[in-house]
Every structure is written in C-alpha cells, then in structure tokens.
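Written out below as structure tokens is the structure these notes cover.
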Amino acid sequence: MVDQEKILVSVAWPYANGSIHLGQAIGAYLPADIFARFHRMKGNAVLMVSGSDAHGTPVVLEAEKQKTTPEKIFQLYHNEFLENWKQLGISWDLFTSTHTKIHEEVVQDIFLKLLENGFIYKDVMTLPYSEKDKRFLADRYVEGTCPHCNFESARGDQCDNCGSTLDPIELINIKSRISGDAPVFKETEHFFLALTKFEKQLYSWIEKNKYWKPNVRNFSLKFLEGGLKDRAITRDIEWGVPVPLDGYEDKRIYVWFDAVIGYLSASIEWSSQIGDKSKWEDFWKGDGKSYYFMGKDNIPFHTIIWPSMLIGYGDMNLPYDVPANEYLNLEGLKFSTSRGWAIWLGEYLSKFEPDPLRYVLSANMPEIRDTDFSWDEYIRRNNDELVATYGNLVHRVLSLSYRSFDKKIPECGELSESGENLLKLATNSMEKVSEELTNCRFKSALTVAMGLAQAANKFLNDEEPWHKLKSTDVEDQRDAATTLWVVLSVVNCLKILLYPFLPFSSEKLHKLLGFEDSVTDVGWNWSANQITSGTSLPKPKVLFVKIEREDLDT
C-alpha cells in the first residue's frame, strides 16, 4: 500500500474590500481546488485553507468610501466570498479570516519569536505624511509613477504592472489617494524584518527547486540577485493586529506580514475545530508538502518573505511548490476593478452553472503566460467541447443503452481490437492525468482527458451500434451491446478524470451510470469492470446545455 501523503494547499487571501472576478478565480482558487480534489481522490490527507484578508488599507479605504467601518466592510465581502465558493464548488477545509483571535495570537507569537531571534529590529523610517489629513499615509494611501516601468498608478508597496516591490519614497510624482495632495516625508519609528539575513539561504533553497515553474523560479532568483532590503512590518494605522509591545498602541502589524501568517493560523484554527489541536503539525512539519496558489503579483511574498519568516521562526517546512499563475485578461485588456472592466464571479454564478465556467477557465489557465478570456471563446468551448464532445458522448451511449437493453447496462461480449485499444487508452489516460495533476499542469491534464472523450466518440461512430441494434442477427446485437459496454466503461473513466475540474457534472454522471454512492467514494481508481452488466440505469439527462450569445444578455 502506498503511504498517504500529507498535502497542504495554501491559497491566496483575497482582500475583503470588493467582489471576486474571474481573473482572481483562475489565478488561485480554481487551480487550488482542482489540485485538492485530485489528491483527496488519490487518498492523500489534504488540508486546504485560506480566508478573507480583513486588515490593511484596502479595507479601510473602502470603508471610508462607503462611510462605514472596516469591520462591516470585511464582514460584507467575507460573506459574499463564502457564497461564491459554495456556488463554484471550491472545497475548503477552512475558509476563515485574519480577523480572528487565533490569527492575532499566531501573528503576535511569530512577531515576538522573530524579535527574540534577532530577525526583527526597531528603526526610524521616512514615510509620507499628509499635511492636509494630518496623518502618516500607509502604502496604499499613496500612488505615483513606478521608477522601474513608469506605470503611472503604482501603489506605495508594489507596482501591479511590473511586480516590483516598492517603498513609497521611490514613487515619482507621489500623491495621496485620499486628498490628492503631495505628501511630505517625515521620520517615524517602526519594526523591520531583517530580510538581508536570509539572502544566501533563500538563494540556495530556490536554486535547487528545479521542479518549480520556470516563471516562478526565475522571477524569485532574479529578485534575490537584485539584493534584498529589510522591510518595515508595522504601520501607522488603527485597523489590524496590534503590536504586542507596550508603547506601540497606535501602530499595527503591516498587512503583508499579517496575511501570509494566515496559512499557519488557519491550519491551527482547523486543527482546533476538529478537536485535535496538534493535527496541523502533520502538514507543517516532517514529510508534509505545502503548495501555495496565487497570482504572479504575489510571488515574492511566498518565495522570499514568507520563507524568511518561517526560517527565522524555526522548525517549519518551507513551501514545497509555488505554482503561481500569470494573469487572465478580459477581451485583450487587464482586469481592472477601478475601471469596472471585470466579470464578477457572483454575477456569473447567479445566471449560469459552475462547471462550464470551471471547464473554460481550466482550458485557458494562464499557467506560464498571460491568457485571454472572451465570451465568444467561452461559448465555443462550452458548445463545441463540453456539449458536442463530452456531453453528447455521454447522452448518446446512455440513451442507447437505456432504450435498447431494458434500462440496464448491456452485457460485454468478446472485445474487438479497437475496443481493447480504447480501454487501454483509458488506463493510460488515468496514469497521464495523474502525473500532470501531481505536477500542477492542469491544462495538459484536461487535454488528456478530453482526448479520451474524442477517442471514445470516434470508436462509437466507427462501430455504429445504432445500426446493429436494428438488425435481427444475434451477433449484431451482441456486438452492439459490447460496443456500448466499452463506451460506458470509458465514460465511467472520464467521470473520474474530470471530477477535479467538473465536480458537479461528475457527481451527476455517477448517478446516471447507476451508482448510488458518491464519486468521491470511488477514489482515483478505474478498471473496465467497475460498471456491471445488468445494473439498472435511471432515465438519461443531459450534462451540459448549449449557450447562445443572446443568453449572455438575459
């Protein structure tokens, strides 16, 4: 028996200051769910965690905009996220938030341990101060031109265009996002994380991780080659985790330091909820493997900063893999919430089924380069691939079997060479898809699965069992029965292969094949004889429906 692997699936924490759009869904949440579902089917121990990033200036800014409190804004969007995940089928073990007592305790513990170990120190820093607002401005309260790529809307902490991490003083033509005035720079005391102490160890660790995506590994190594800078981890703000030291009541722990700790605090919270307070250690120590899913803008936080914190804290596993995605664009342009150029996940799910979206996004996943979403491509993939290739195959073979063999799975006679070859292809496809999903190559895994569906369609069309079913010859009837049995067996295989991508329709298909349990009870196992001749079949139902352009306007 193969030993059970311990797989931690850590997923980027969305800021609870606005709705989720499709670019965010495919950047982190859908690939993480596919990965987690696959490993659960394999029988591995999986812990998939994330939560709403409740703190920091993005939430405060939205609260000020809506003239309410940061806590009310966070709770509003947190509840919306939970509904989105349920509808899309994101299978969390825990989706929590950074606004919990456990999270505060874990953040403060790590802060104090790093301080004790000499990796956090106090220093004076120069920060933008608004004379008009009479306060220091946190990074996201200011914007200006990026000194590296000349992007005109770079934030004080990061440029979303080139991915560079920034200090507000580096911005060209800096201005306050609140009042629009040009701030002055004043000195204020803060705590710093001594990132420079981890440079050599980080470089050695990342350099040997040759299985990482080239874009992630190369970006991280280049980031290190430029030299690390110690980063301030506290801010002059009232919303967030308090600094656990006397004399710093008016400061809070900086949101990027706070949020990455969420993976650990969520694991500890989950462990407490299941009544085994040390269970989280299975995933964070020893032979546990941790995978971090996010968009490319978050790469340095998960390959440089969070590993530094873990090294400094001690006795914790570093990330095993960081399969970050590039960006999904919309009709050739980058998703932009400020310009309203987005497709909101909740809005889509209020009108359409989740599996077609999961399929189209997976088939177009920006794994190594930016990709583009368009409604025309969405319609084409749904109609030509899901409906015409996969759905039509399922409906044809189930309908023929239901009508012609007394609503039961037909008997399997002697297999033809082509029938044996198709079943061998199914076995090979199981192995190949397993390999691709293990290595976070989701698009290629989906391509292999759909290739099997295409091969089954060709086999069915070549054999033409509908003609033989009209014959009075007994051999023709037996041949038709065997053909349908072979295709039903392959459809049963496709149900498993596509489950991580299409959980709702795979569960539906499981029932249509006459099974009474759940597809998850089967696990990542398939053999031609899993379907049994004589098993009663329910009346066939279509898995997917065609979508017309006018449907999008309803």
Side-chain angles (χ1 to χ4, degrees), residues 13 15-17 53-64 69-71 73-74 97-143 155-158 165-171 174 176-179 183-195 229-262 264-265 301 305-306 308-309 312-313:
W13 293 57
Y15 275 124
N17 71 324
D53 191 347
H55 299 143
T57 52
V59 179
V60 177
L61 284 168
E62 186 63 24
E64 292 176 352
T69 65
E71 186 158 3
I73 288 295
F74 138 68
S97 80
T98 56
H99 197 58
T100 67
K101 188 63 178 175
I102 286 179
H103 179 72
E104 180 176 304
E105 291 171 352
V106 175
V107 170
Q108 291 178 339
D109 173 61
I110 289 180
F111 177 94
L112 292 172
K113 187 69 175 289
L114 291 174
L115 183 66
E116 178 187 335
N117 291 345
F119 298 117
I120 286 177
Y121 62 91
K122 285 185 290 185
D123 199 1
V124 172
M125 66 184 301
T126 303
L127 287 178
Y129 181 86
S130 172
E131 299 283 7
K132 188 172 184 179
D133 299 323
K134 303 299 180 188
R135 65 176 177 181
F136 284 100
L137 300 175
D139 294 342
R140 287 186 179 240
Y141 277 88
V142 296
E143 66 179 14
R155 304 192 309 260
D157 60 343
Q158 183 174 324
T165 54
L166 299 172
D167 188 287
I169 203 166
E170 297 178 87
L171 290 175
I174 187 173
S176 167
R177 292 182 62 186
I178 303 170
S179 58
V184 297
F185 283 85
K186 291 186 176 182
E187 289 187 343
T188 178
E189 186 179 65
H190 280 287
F191 289 88
F192 287 74
L193 176 63
L195 285 172
K229 296 179 181 179
D230 294 348
R231 282 178 64 106
I233 61 168
T234 53
R235 278 294 182 264
D236 298 288
I237 194 171
E238 298 176 356
W239 176 245
V241 176
V243 177
L245 296 170
D246 292 337
Y248 297 92
E249 289 77 15
D250 60 342
K251 298 183 189 294
R252 294 294 181 269
I253 293 176
Y254 195 12
V255 67
W256 62 260
F257 185 92
D258 158 10
V260 291
I261 297 172
L264 177 58
S265 66
F301 294 98
I305 294 171
W306 178 228
S308 297
M309 294 162 63
Y313 187 74

Any idea which heavy atoms bring Leu171 and Gly156 closest together, and the distance? CD1-CA, 3.8 Å
Closest contact, heavy atoms only, Tyr15 versus His55: CE2-O, 4.0 Å
Between Lys113 and Glu116 (salt bridge meaning N to carboxylate O under 4.0 Å), is one present in this structure? no
Contact between Leu193 and Leu114 at the side-chain level, heavy atoms closer than 4.5 Å - yes or no? yes
Quick one: does any side-chain atom of Glu249 pair with a main-chain N or O of Gly247 as donor and acceptor, under 3.5 Å? yes
Please enumerate all residues that pass ring pair (Phe, Tyr, Trp, His ring centres under 6.0 Å) together with Tyr141, with sequence neighbours excluded. none
How long is the straight-line distance from CD of Glu71 back to NE2 of His99, given to the nearest 0.5 Å? 3.5 Å
Just wondering, do Asp157 and Tyr254 contact through their side chains at under 4.5 Å, heavy atoms? yes
Specify the closest pair of heavy atoms between Thr126 and Glu187, including all atoms of both residues, with the distance to one decimal. OG1-CG, 4.0 Å
Taking only Lys NZ, Arg NE, NH1 and NH2, and the carboxylate oxygens of Asp or Glu, determine whether Arg252 and Asp258 approach each other closer than 4.0 Å. no
Rounded to the nearest 0.5 Å, what separation is found between the OH atom of Tyr129 and the OG1 atom of Thr188? 10.5 Å
Begin with the C-alpha distance, continue with both residues' side-chain angles, and end with the deciding distance and a verdict on side-chain contact (heavy atoms from CB on, under 4.5 Å) for Trp306 and Ile261. CA-CA 8 Å; Trp306 178 228; Ile261 297 172; 3.8 Å; yes
Quick check: does any side chain N or O of Thr234 sit under 3.5 Å from a backbone N or O of Phe191, one acting as donor and the other as acceptor? yes
Measuring from atom CG of Leu115 to atom CD1 of Ile110, what distance do you get when rounded to the nearest 0.5 angstrom? 13.5 Å
Any side-chain heavy atom of Trp13 sitting closer than 4.5 Å to one from Val260? no
I need the Ile174 CD1 to Ile169 CD1 distance, nearest 0.5 Å. 8.5 Å
Gap separating the CG atom of Asp139 from the CZ atom of Arg177, nearest 0.5 angstrom: 11.5 Å
Note: Ala259 and Thr98 closest approach over all heavy atoms is CA-CG2, 4.4 Å
Could you tell me whether the side chain of Arg231 reaches within less than 4.5 Å of the side chain of Trp256, counting heavy atoms only? yes
Pairwise side-chain contact, Met309 with Phe257, heavy-atom cut-off 4.5 Å (strictly under): yes
For His103 and Ser265, which heavy atoms make the closest approach, and how far apart are they? ND1-OG, 2.7 Å
Got a sec, which residues hit side chain to side chain contact (heavy atoms under 4.5 Å, CB included) with Asp133, two or more places apart in sequence or on another chain? Ser130, Arg135, Leu137, Ser176, Ile178, Ser179
Do Asp109 and Tyr313 have side-chain atoms, one donor and one acceptor, less than 3.5 Å apart? yes
Working to the nearest 0.5 Å, report the span between CD1 of Ile120 and CG of Asp123. 13.5 Å
Considering only distance and modelled atom types, tabulate donor-acceptor pairs under 3.5 Å from the side chains of residues 236-244, sequence neighbours left out.
residue	atom	partner	partner atom	Å
Asp236	OD1	Lys251	NZ	2.7
Asp236	OD2	His190	NE2	2.8
Trp239	NE1	Ala54	O	2.6

Should Asn17 and Leu61 be marked as a side-chain contact (heavy atoms from CB on, under 4.5 Å) after you check the CA-CA gap, both sets of side-chain angles, and the distance that decides it? CA-CA 8 Å; Asn17 71 324; Leu61 284 168; over 6 Å; no
Between Ala63 and Ile73 the two heavy atoms that sit nearest each other are CA-CG1, 3.6 Å
side-chain contact (heavy atoms from CB on, under 4.5 Å) evaluation trace for Val255 with Val59: CA-CA 11 Å; Val255 67; Val59 179; over 6 Å; no
